[in-house]
Amino acid sequence: MTEADVKQLILSVVKPLVSEPEAIAITTAQDAHFLNFNLSVAPEDVGRVIGKHGRVAQAIRTIVYSIRIDGPLRVRLNIVDD
């Protein structure tokens with residue numbers, strides 16, 4: 001999978017959860033071992049994306065972490081609380 005495919009997957013999972021889908025922003029950053037996808041949503045939607053006891057966020061991360069991208073890097077999803 002490519003970086004664009006992973007972004008599209010994250011969008012397709014997160015978009016139905018939020019009340020302001022136009023506020024979704026995904027940025028990428030690369031370090032030595034990971035390709036980090038930083039997800040930010042509207043402030044009132046952060047709780048919806050994280051869920052009770054972090055269960056929704058963990059489910060999203062389980063899906064995203066199962067992806068193998070081209071190259072040696074692993075994928076990591078960070079939910080950014082602005």
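- Contact check for Phe37 versus Leu39: no side-chain heavy atoms found under the 4.5 Å cut-off.
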Side-chain donor-acceptor contacts of residues 60-78 below 3.5 Å, not counting sequence neighbours, with atom names and distances?
| residue | atom | partner | partner atom | Å |
| --- | --- | --- | --- | --- |
| Arg61 | NE | Leu77 | O | 3.0 |
| Thr62 | OG1 | Gln58 | O | 2.8 |
| Ser66 | OG | Ile63 | O | 2.6 |
| Asn78 | ND2 | Asn38 | OD1 | 2.9 |

Quick one: side chains of residues 42-56, donor-acceptor pairs under 3.5 Å with protein atoms, not counting sequence neighbours, listed by atom name and distance.
| residue | atom | partner | partner atom | Å |
| --- | --- | --- | --- | --- |
| Asp45 | OD1 | Ser19 | N | 3.2 |
| Asp45 | OD1 | Ser19 | OG | 2.9 |
| Asp45 | OD2 | Ser19 | N | 3.3 |
| Asp45 | OD2 | Glu20 | N | 3.2 |
| Arg48 | NH1 | Ser19 | OG | 3.4 |

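- Here Ile26 contributes atom CD1 and Leu11 contributes atom CG; the two are 4.0 Å apart, rounded to the nearest 0.5 Å.
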Only distances under 3.5 Å count here; give the side-chain donor-acceptor pairs of residues 1-9 to other protein atoms, sequence neighbours excluded, each with its distance to 0.1 Å.
| residue | atom | partner | partner atom | Å |
| --- | --- | --- | --- | --- |
| Thr2 | OG1 | Asp5 | N | 3.4 |
| Thr2 | OG1 | Asp5 | OD2 | 3.1 |
| Glu3 | OE2 | Thr28 | OG1 | 3.0 |
| Asp5 | OD2 | Thr2 | N | 3.3 |

